[in-house]
Amino acid sequence: MTRAALLGGPRAVSHPLPQWPRIDDETLAAVVRVLKSEPLCPVGNTGIQGEFEDAFAEFHQRRFALATNGGTAALMLSVHGAGVEPGDEVICSPFSWGASVACVLQCAAIPVFADISAQTLGLDAASVRSRITPRTRAILPVHIFGAPCDMDGILDVANEHGIPVIEDVAQAAGGFYRGSRLGSLGAFSAFSLQASKNLTGGEGGILVCDDREMFERAMSHGTHPQRLIAELELPEFRRRIDSLAFNFRMHTASAAIAHTQLRHLDGWTEIRNQNAQRLYAAVRDLEYLEFPPLPNPDEGSRHGFYHVPFLYRPGVLPLDRDQFVAALEAEGAPAGSYVKTPLYLRPRLRAHDYIGRDFPWCLGEGSYTYQHGDCPVAEAICETEWQLKASFHEPLPELIDQIAEALRKVGETADEIAAASAGFAAVSRSGEAGT
Ligand SMILES: Cc1ncc(COP(=O)(O)O)c(C=O)c1O
């Protein structure tokens, strides 16, 4: 049997990972063209930024789009635009990147966490319902790894209570839910265009929405007065034009890159799905793996596959999840685990220590403790999830087959890895005892 790469054996994966972001001649030409002919600091829906915003809004069948310098900024403006005020509560997912909650805190609002569904890894509608209070002002589902949330269930709860939904689509551009693009269903939808994302500008973000009042409220909080003078129509927001807004402008080069990439997004998403399905099919017999259910294409749903997620079934191999992932990485697979700790168990949140003085919790009306056991499904998934972190946007049968081989090999060499790590642990314990 071949030796584990972690113990000095040959790596199972020799095929290079695809280059991402894809910077081809078309992208370079677009960037050079705008750098030579347009202002580097666009302050309106003009030039390449205007073209990108209009194309992105049309792609998602939305009335309005606002480009920003990051997904966090797009989320924060969406939370503000949705009418969330200091001390209000926003229902958040505990299984995400911190920005999905930082955007709420930055609006001086209070995150209240609902549990996730083991099917979608996004917010569970029944749990969301159980967290609604008279102070809930928004619900913020995250399409994590590109997997569509149960939008029907979440929108039902939201509509019953007249609460806006803000979709965090940072990881899910290109995905669909029951015939609708992810990002076309919430009152607001916010995307990240950071370099690793399915659609990228290197850095950047963009929000979309359909309601003029919400859009103008969002825009007035993060845009240059020159743009506000040109584009705001409602007196309520025209009165607020000054230079007190955040500067969340996108760079011209980011708009050129993202605009070029948008034309390819659907094709890439299709290939990402094919690669993920090839891999899942090749390793489905491995008892130490579990597979999050895929959205049903017959219902018009499609995964965005920002990452290819798996769950690790403990107790089958003599390795814990982190040892398993380390062994896989050593084999050359781009493996990692993502969330590890639900957001509400992060020390700063538990201690109400964001910008100091118990702010924004001191503005709320509840007690707002964040405890172990608050969201049991999320806690369990954090223990077992891991994923492949790469963009599989090209046909890659050889790479996929090598990754499948690596997954199999870690299982076959698990005993020797476990024995070696027990040996390392014993040596380091005796070393500690001697100091
Ligand atoms: C789910 C999620 N939301 C929001 C963000 C924030 O986006 P950005 O890094 O562009 O600010 C990210 C970034 O990784 C993300 O993964």
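As the structure lists them, so they are numbered: ligands from 1, and atoms in each ligand from 1. In this chain, numbering begins with 1 at the start of the sequence shown.
The contact shell of ligand 1, taken as protein residues with any non-hydrogen atom closer than 4.0 angstrom, comprises G70, G71, T72, L75, S96, W97, A99, S100, V142, D168, A170, Q171, S192, Q194, K197, G204, Y338.
Evaluation of the ring-ring contact (aromatic ring centres under 6.0 Å, His included) rule for Y344 yields F113 as partners, not counting sequence neighbours. For E89, the side chain to side chain donor-acceptor pair (under 3.5 Å) criterion is met by T133, R135, Y368, not counting sequence neighbours.
Residues F215 and L207 are in side-chain contact: their nearest non-hydrogen atoms beyond the backbone lie under 4.5 Å apart.
Using the six-membered ring where Trp is involved, H307 and Y338 have ring planes that are perpendicular, over 60° apart on the 30 and 60° scheme.
E216 has no carboxylate O lying under 4.0 Å from a charged side-chain N of R238, or vice versa, which leaves the two without a salt bridge.
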For a quick test of your reading: what N or O donor-acceptor pairs under 3.5 Å do the side chains of residues 183-191 make, sequence neighbours left out?
| unit_1 | atom_1 | unit_2 | atom_2 | d |
| --- | --- | --- | --- | --- |
| S184 | OG | R181 | N | 3.4 |
| S184 | OG | R181 | O | 2.6 |
| S189 | OG | R62 | NH2 | 3.0 |
| S189 | OG | E167 | OE2 | 2.8 |
| S189 | OG | G183 | O | 3.0 |

